[in-house]
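Here's the structure we're looking at; comments come further down.
Keep in mind that this is a model prediction, so the values were computed, not measured. Residue numbers start from 1 in every chain, and the chains themselves are labelled A, B, ... in the order their sequence lines are given, proteins ahead of strands.
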Protein chains: 2
Amino acid sequence: MDTPRTVSDEDFLRLDHQICFSLHAAARAFNSVYRTALKDLGLTYPQYLVMLVLWEHGELPVKRIGEHLRLDSGTLSPLLKRLEAAGYVERRRSAEDERSVTARPTPAGTALRERALGVPRRIAAATGLPLEEVRALRARLDELTTALDTAGSAALPGDCVPDD
Amino acid sequence: MDTPRTVSDEDFLRLDHQICFSLHAAARAFNSVYRTALKDLGLTYPQYLVMLVLWEHGELPVKRIGEHLRLDSGTLSPLLKRLEAAGYVERRRSAEDERSVTARPTPAGTALRERALGVPRRIAAATGLPLEEVRALRARLDELTTALDTAGSAALPGDCVPDD
DNA sequence: GGCCATTTAGTTGTGCACAACTGAATCGTG
DNA sequence: CACGATTCAGTTGTGCACAACTAAATGGCC
């Protein structure tokens, strides 16, 4: 097969350690900063993401929330129950389609939005990066996610190097 | 009302949704690709990271592994037990310091390394990015992690806005 | 030596992520 | 209409991440 350049598997194993780990570590570091920023609101970071979606769309079926966040019911069902127990979200079976359950913010959930307005600014400050760079990084990460998703759904050709 | 220069909290709330979420999604997408790539080896992604560290260093106390991966004993203790149960790792109390427990690959664990050599190449192919870009992205992520870590330990100034 | 703070693994409890499954509702096709 | 396939939420089980804690060993200090 074509070895584009002679990068040994040994080198790859070391490099790999750095790439994947960097992403892993960055995600956890972000999570940690959000944890402290959201503690006052009584939200975890994934719960905050769900609230962002609901604040924007008002009322959504679980399925739609999952599409926005790329999460399935196995993750969302218990999460939404906790948000309901906290009084921030209402759930009910849809009348038109009894299979579907819709979630929407309660008045308390809507009020929470006001207190959440300051959070993004604090996070942005914590990154120490100008907005432009953050935006560029986001674009790069989205490309990466798309590539990984398609590669994953394409059953991982394995030794097919991406020039085809 | 608001000019492009003064970014409103509303805008931030939307932008934030994209930035933090992009990182979150990218990390999960990576995790998913690793999951399939590592299934044959019987390793999860975090277990693979631990094995990478042990392959490189031979024998390490739990504490040192945690420093390499930024993980604490609450995460590593059960993970190492599972690696031990799988036969890839040996653990034993240090003779010099009875508090410390060291872990090292068993012969089976060392042999596993050969089968793991192909993994990074498959992951790199799945990203669809040239090595240079991956390297640049890694550097950017490491900067970000460092910034987030220091901001976190500095108790989050909160209202210290970068500028605008 | 005796005492106390620190270090180190480990445990417990909570929450997220995901695979695999269940069960009910719905849809499509004959 | 009937019936099989599909869709949807939920449950179960496994594993990771992390906070808060325990328990044992160590080291410093008087």
Next item on the list: Determine the interplanar angle of the A/Tyr45 and B/His24 rings, folded into 0 to 90°, and report it as parallel if under 30°, tilted if 30 to 60°, perpendicular if over 60°.
Entry: perpendicular
Margin query: Can you classify the ring geometry of A/Trp55 versus A/Tyr48 as parallel (below 30°), tilted (30 to 60°) or perpendicular (above 60°)?
Written below: perpendicular
Notebook entry, point to check: Between the side chain of A/Arg91 and the main-chain N/O of A/Ala103, is any donor-acceptor distance below 3.5 Å?
Noted result: no
Next item on the list: Check whether any side-chain N or O of B/Thr75 sits under 3.5 Å from a backbone N or O of B/Leu71 as a donor-acceptor pair, and report yes or no.
Entry: no
Note to self: Expressed as a whole number of angstroms, how long is the span from B/Leu79:CG to D/dC18:P?
What the structure shows: 13 Å
Check: Is there a donor-acceptor pair closer than 3.5 Å between any side-chain N or O of A/Thr150 and the backbone N or O of A/Ala147?
Finding: yes
Notebook entry, point to check: When the distance from NZ of B/Lys39 to C1' of C/dA20 is rounded to whole Å, what number comes out?
Noted result: 12 Å
Which pairs, protein N/O on one side and nucleotides 9-12 of chain D N/O on the other, fall under 3.5 Å?
residue: D/dA9; atom: OP1; partner: A/Val62; partner atom: N; Å: 3.1
residue: D/dA9; atom: OP1; partner: A/Lys63; partner atom: N; Å: 3.1
residue: D/dA9; atom: OP2; partner: A/Lys63; partner atom: N; Å: 2.9
residue: D/dG10; atom: OP1; partner: A/Arg91; partner atom: NH1; Å: 2.8
residue: D/dG10; atom: OP2; partner: A/Ser77; partner atom: OG; Å: 3.0
residue: D/dG10; atom: N7; partner: A/Ser73; partner atom: OG; Å: 2.5
residue: D/dT11; atom: OP1; partner: A/Lys81; partner atom: NZ; Å: 3.4
residue: D/dT11; atom: OP2; partner: A/Lys81; partner atom: NZ; Å: 2.9

Item checked: Interface with DNA chain C, restricted to residues 42-50 of chain B and to heavy atoms under 4.0 Å -> none
Margin query: Run the salt bridge (charged side-chain N to carboxylate O under 4.0 Å, His left out) test against A/Asp72 and tell me which residues pass, sequence neighbours left out.
Written below: none
Notebook entry, point to check: A/Asp97 has a side chain; which of C/dC18, D/dA17, C/dT26 sits nearest to it?
Noted result: C/dT26
Next item on the list: For B/Thr36 and B/Val33, indicate whether the former's side chain and the latter's backbone hold a donor-acceptor pair under 3.5 Å.
Entry: yes
Next item on the list: Ignoring hydrogens and angles, state whether a donor on the side chain of B/Glu59 or B/Thr102 is under 3.5 Å from an acceptor on the partner side chain.
Entry: yes
Next item on the list: Measure from CG on B/Asp72 to C1' on D/dA19 and round the result to the nearest Å.
Entry: 9 Å
